[in-house]
2 protein chains.
Amino acid sequence: MLAEIITIGDEILIGQIIDSNSAWMAVELNKIGVKVKQITSVSDDAEHIKEALREAEKRANIILITGGLGPTKDDITKKTLAEFYKSGGMVLHQPTLDKVASIFAKYNAPVTDLNKLQAMVPDNCEVILNENGTAPCMLFRNEDRIIVSMPGVPFEMMALMQDKILPLIKATYNLPSIYHKTILTAGIGESFLAEKIAHIEDSLPAYIKLAYLPKLGIVRLRLSTVTGITPETQQEVAHFAKLIKNEIEDFWVADEDIPLEKAILNLMDTHKLTLSVAESCTGGYLSHLLTQHSGSSSVFLGGGIVYANALKVKQLGVSSQTLDTYGAVSEETVTAMANGAIKNFNSDYAIAISGIAGPDGGTAEKPVGTVWIAVAHQQQTIAKKFTFSNKRLQNIERSAIAALNLLLRLLKQHQA
Amino acid sequence: MLAEIITIGDEILIGQIIDSNSAWMAVELNKIGVKVKQITSVSDDAEHIKEALREAEKRANIILITGGLGPTKDDITKKTLAEFYKSGGMVLHQPTLDKVASIFAKYNAPVTDLNKLQAMVPDNCEVILNENGTAPCMLFRNEDRIIVSMPGVPFEMMALMQDKILPLIKATYNLPSIYHKTILTAGIGESFLAEKIAHIEDSLPAYIKLAYLPKLGIVRLRLSTVTGITPETQQEVAHFAKLIKNEIEDFWVADEDIPLEKAILNLMDTHKLTLSVAESCTGGYLSHLLTQHSGSSSVFLGGGIVYANALKVKQLGVSSQTLDTYGAVSEETVTAMANGAIKNFNSDYAIAISGIAGPDGGTAEKPVGTVWIAVAHQQQTIAKKFTFSNKRLQNIERSAIAALNLLLRLLKQHQA
């Protein structure tokens with residue numbers, strides 16, 4: 001079963017917002033056996049929207065539309081859908097108007113005429129009540145096709161998908177189950193991985209597909225059965241996953257589709273280990289990666305964002321002498337930071353990062369992109385120097401991922 | 001001048017990665033007066049890629065393709081482009097092979113056969129050397145159209161766009177200049193804003209367009225001249241921007257297109273003010289928002305990620321009695337955290353956040369989504385309770401934005 005996603009809104013086409021909705025929708029659709037054939041972003045333009053709908057209807061049975069439903073004047077999605085699906089006109093949807101009123105009441109705000117307009121819908125659509133916002137969700141049916149128009153606000157769209165639309169799709173179509181198994185690897189590049197397991201990949205049966213999904217510092221290997229699930233195909237996938245694991249032991253991190261930091265949290269949680277951080281150039285990004293996961297508090301105690309040197313001294317007990325002699329970006333300082341974190345924050349493990357994220361602050365000796373990372377256990381500290389790029393955000397991300405990889409190595413040593 | 005972006009790769013269609021490239025490309029294209037008509041994500045499938053190219057060529061002169069150039073077997077982009085643009089066959093591009101060799105030499109890694117294949121290109125394309133990776137960038141010309149295929153790795157694509165492709169586009173086409181002026185507002189919803197300035201919007205001349213770009217906690221208002229720039233149109237845009245500013249004084253943050261935290265950093269930098277943070281439930285996200293901006297170190301000293309209560313005591317001097325009596329998520333604790341940050345980190349202003357991000361940890365009295373935020377100046381502390389959603393990441397983001405809004409209010413009071 002094929003679906004297409006159409007996102008409507010100039011804000012995507014001028015790059016003001018990144019379309020993160022589509023990726024989330026694709027993941028949820030895949031889980032129920034619906035394949036996304038194409039994702040199309042079009043402008044707030046009636047003709048362009050109609051053209052996208054015509055094209056999508058040629059390829060897919062399920063068309064999910066997000067965006068273009070805000071209260072302001074530049075939104076024309078609803079009128080266009082009414083025309084395209086030959087509605088007799090717009091009618092008031094009282095439950096939506098009541099919802100709008102209740103939401104504004106909650107904020108003691110008056111309902112504006114613009115907001116009232118949001119409760120008007122094409123007379124031939126089925127309205128799916130949006131519990132979290134003022135824009136209605138509209139369902140159209142065309143032959144055996146389902147076309148759903150949702151607001152672009154992520155949490156409104158997510159709630160509608162989870163509570164109403166995914167169940168509706170499951171109830172409407174007879175869907176095959178697709179079986180994915182993902183292997184998370186770290187510390188090896190895509191092409192080396194491919195060389196290492198080429199013989200396994202070549203021996204895969206036609207109905208098992210292997211995909212490489214590289215990301216900063218990690219590569220995901222995804223085995224998928226292109227046919228439906230049977231106990232046999234699942235066993236076969238498990239069999240090949242095991243072959244791959246044995247082949248790449250050193251780089252194997254987890255056999256589920258989770259981020260690197262989540263795999264580390266799981267590993268540390270299993271062994272009842274705690275972690276603290278001392279972040280300078282990453283400025284909280286590493287802590288954010290860890291704490292975005294629920295349950296992280298059982299492993300992650302916290303730490304210091306020690307941007308200013310004064311805080312490196314105050315929070316981590318790094319000596320001013322060390323800072324003056326070797327500089328903030330040095331093996332000596334980052335080692336002192338990691339040991340200070342272990343001591344002051346009383347954790348089993350600690351990560352310390354100090355570098356020059358850029359674009360300014362580089363010197364001939366320590367150019368932008370120079371980053372020192374230390375990971376410490378109560379009895380051991382490893383420090384490593386990295387030389388990344390001249391791009392600030394990239395240096396922040398790479399530093400965090402490199403630190404996680406370094407920690408993983410230390411953890412593996414101690415588990416071994 | 002119209003462009004279309006085509007992203008190739010199953011990883012986008014199964015939601016494994018979010019397409020952030022397209023937004024970045026759209027922003028850069030807009031700056032040079034190129035409008036993005038459509039963004040299309042298609043699968044690693046020859047027919048589907050050709051169909052997308054056929055459709056795009058009907059609408060646009062500039063077609064920018066990203067992705068589908070990795071070294072592994074699931075990539076077929078190059079072969080398809082060769083067929084579609086009637087190449088006589090694939091040829092070795094020696095400079096690309098040399099680049100591949102030099103990159104692998106840097107990591108003391110052997111060049112694999114897979115990597116060597118990356119240096120093969122259609123004989124009728126112009127190769128643009130990719131300085132940052134192993135995949136070549138290929139340029140095809142079809143009548144007055146330019147078609148460019150780039151790797152999907154963001155920093156490789158960005159370098160190619162900035163150094164080679166954007167200059168090439170400027171040199172090839174006679175482009176109009178588009179003039180945007182963005183007004184950043186915070187603390188007011190899109191529809192209220194629209195009501196407040198409806199009379200100004202109605203009085204806009206036909207060649208000035210106003211767009212509302214809402215995002216968590218902020219709304220950007222963008223005035224654009226749909227025709228080219230003249231001194232007169234620029235003056236007119238400035239005139240209307242001023243009218244809007246006067247109308248929404250209290251909610252006006254900046255008259256440039258920058259994130260809320262950057263506007264705050266700029267304001268504090270101008271007044272030589274420093275900031276520290278004490279983050280519990282936001283776990284470093286607020287610090288990351290601030291430190292992703294170069295120059296943030298002149299304002300932001302750092303702070304504490306105080307996930308565990310022990311760290312709230314150790315780093316911020318919150319008394320165990322306060323924690324025991326009122327709990328970690330309380331006015332008393334968050335106030336003590338903010339004052340502790342001012343004192344221990346020696347900053348002019350501090351932000352403290354403590355809440356229940358969820359999905360677990362909620363109680364009847366303090367449900368998931370309950371967040372206390374305090375902002376402090378040396379002489380004053382304001383604390384406010386927020387009740388957000390049951391979604392963890394959303395609570396983290398909203399808490400950070402709410403905290404920034406609260407800080408902005410305090411800063412405005414002191415500037416006033």
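These numbers come from the heavy atoms of this one structure, side chains and all, not from hydrogens, waters or symmetry mates. A, B, ... follow the sequence lines: proteins, then strands. Residue 1 opens every chain.
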Pair A:Tyr307 + B:Phe345: ring centers closer than 6.0 Å: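 Not close enough - the centres of the two rings lie 6.0 Å or further apart.
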B:Phe192 and A:Phe104: ring pair (Phe, Tyr, Trp, His ring centres under 6.0 Å), yes or no, with the steps? CA-CA 11 Å; B:Phe192 300 110; A:Phe104 282 75; 5.6 Å; yes
Roughly how far, to the nearest 0.5 Å, is the [atom2] atom of [Y] from the [atom1] atom of [X]?
| X | Y | atom1 | atom2 | value |
| --- | --- | --- | --- | --- |
| B:Asn309 | A:Leu301 | CG | CG | 11.0 Å |
| A:Ser191 | B:Asn115 | OG | CG | 4.0 Å |
| B:Asn132 | A:Lys391 | CG | NZ | 6.5 Å |
| A:Leu13 | B:Lys35 | CG | NZ | 7.5 Å |

Flag the pair B:Ile18 / A:Trp24 as yes when at least one side-chain heavy-atom distance between them is below 4.5 Å, and no otherwise. no
Is there side-chain contact between A:Arg398 and B:Phe155, with at least one heavy-atom pair below 4.5 Å? yes
Exactly one of A:Thr40, A:Ile39, A:Asp19 should register a side chain to side chain contact (heavy atoms under 4.5 Å, CB included) with B:Ser41. Which one does? A:Ile39
Between A:Asp10 and B:Lys209, does the salt bridge (Lys or Arg N to Asp or Glu O under 4.0 Å) criterion hold? Intermediate values first, please. CA-CA 12 Å; A:Asp10 293 334; B:Lys209 200 181 159 213; 3.4 Å; yes
Judged by atom type as modelled, is there a donor-acceptor pair below 3.5 Å linking the side chain of B:Arg222 to the main-chain atoms of A:Glu11? no
Okay, side chain of A:Thr291, backbone of B:Gly283: is any donor-acceptor separation there less than 3.5 Å?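 Yes; at least one donor-acceptor contact below 3.5 Å.
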Pick from A:Ser389, A:Gly358, A:Pro359, A:Ala26: which one has the most heavy-atom pairs with chain B under 4.5 Å?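 Looking at each of A:Ser389, A:Gly358, A:Pro359, A:Ala26 in turn, A:Ala26 comes out on top.
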In terms of the angle between their ring planes, are A:His288 and B:His288 parallel, tilted or perpendicular, with boundaries placed at 30° and 60°?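 Answer is parallel, since the angle falls under 30°.
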Looking only at heavy atoms, what is the nearest atom pair of A:Glu195 and B:Asp113, with distance? OE2-N, 4.1 Å
Shortest non-hydrogen contact from A:Ser296 to B:Arg392?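 Closest approach of A:Ser296 to B:Arg392, heavy atoms only: OG-NH2, 3.7 Å.
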Start with the C-alpha distance between A:Ile14 and B:Val27, add both sets of side-chain angles, then the distance that settles side-chain contact (heavy atoms from CB on, under 4.5 Å), and finish with yes or no. CA-CA 6 Å; A:Ile14 61 169; B:Val27 169; over 6 Å; no
Under 3.5 Å, is there a donor on one side chain and an acceptor on the other for A:Asp257 and B:Gln16? yes
